[in-house]
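Structure, as structure tokens:
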Amino acid sequence: MCMTQSGTFLFLHTVVILAVSFFVLVVARKQDAQAMKAFGYTIAVLLWLCAAGVFFKVVKTFYHFNKASMGQIGCSKTDVNRQNNMPMPESPMKHKMPN
């Protein structure tokens with residue numbers, strides 16, 4: 001998957017989390033019980049923190065993609081294997097018998 005598509009999907013997650021927090025706040029303000037209001041505000045703040053974390057991941061993804069597209073970051077076999085979640089092959093030098 002392209003890095004920009006990954007960043008775009010993460011950005012959509014941020015928007016959805018913020019929309020849910022808006023509706024949590026609307027419902028929390030209509031509550032009469034103070035405990036329910038406090039609970040709603042707490043949930044909204046936690047959703048904002050989650051949205052901020054996802055947003056910073058988006059910024060990091062776009063920044064990394066831009067550096068890679070400008071040739072500042074090389075793509076090695078290690079990077080490709082990490083992106084594909086493949087285990088790294090062991091070095092053939094590890095199994096060399098001593099003289």
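Keep in mind the model is a prediction, meaning the values are calculated, not measured. Position 1 is the first residue of the sequence, and the numbers go up from there.
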Find out if a path of hydrophobic residues (ILVMFWY) with successive side-chain heavy-atom gaps under 4.5 Å connects Tyr41 to Trp48. yes
Path from Met36 to Val26 over hydrophobic side-chain contacts below 4.5 Å: no
Non-hydrogen atoms of Leu47 and Ile17 that approach each other most closely: O-CG2, 3.2 Å
Compare every heavy atom of Ala38 with every heavy atom of Thr42, then report the nearest pair and how far apart it is. OG1-O, 2.7 Å
Interatomic distance, CZ@Phe22 vs CG@Leu25, rounded to 0.5 Å, equals 8.0 Å
Tell me whether Val24 is reachable from Phe39 by hopping between hydrophobic residues (I, L, V, M, F, W, Y) whose side-chain heavy atoms are closer than 4.5 Å. yes
Work out which heavy atom in Ala28 is nearest to a heavy atom in Gly40; give both atom names and the distance. CB-CA, 3.8 Å
Within a 6.0 Å radius of atom NZ on Lys37, are there more than 12 heavy atoms belonging to other residues, nucleotides or ligands? yes
Is Ile43 reachable from Val15 through a run of I, L, V, M, F, W or Y residues, each pair having side-chain heavy atoms under 4.5 Å apart? yes
Just to verify, what does Thr14 make a side-chain hydrogen bond (donor to acceptor under 3.5 Å, both in side chains) with, not counting sequence neighbours? none
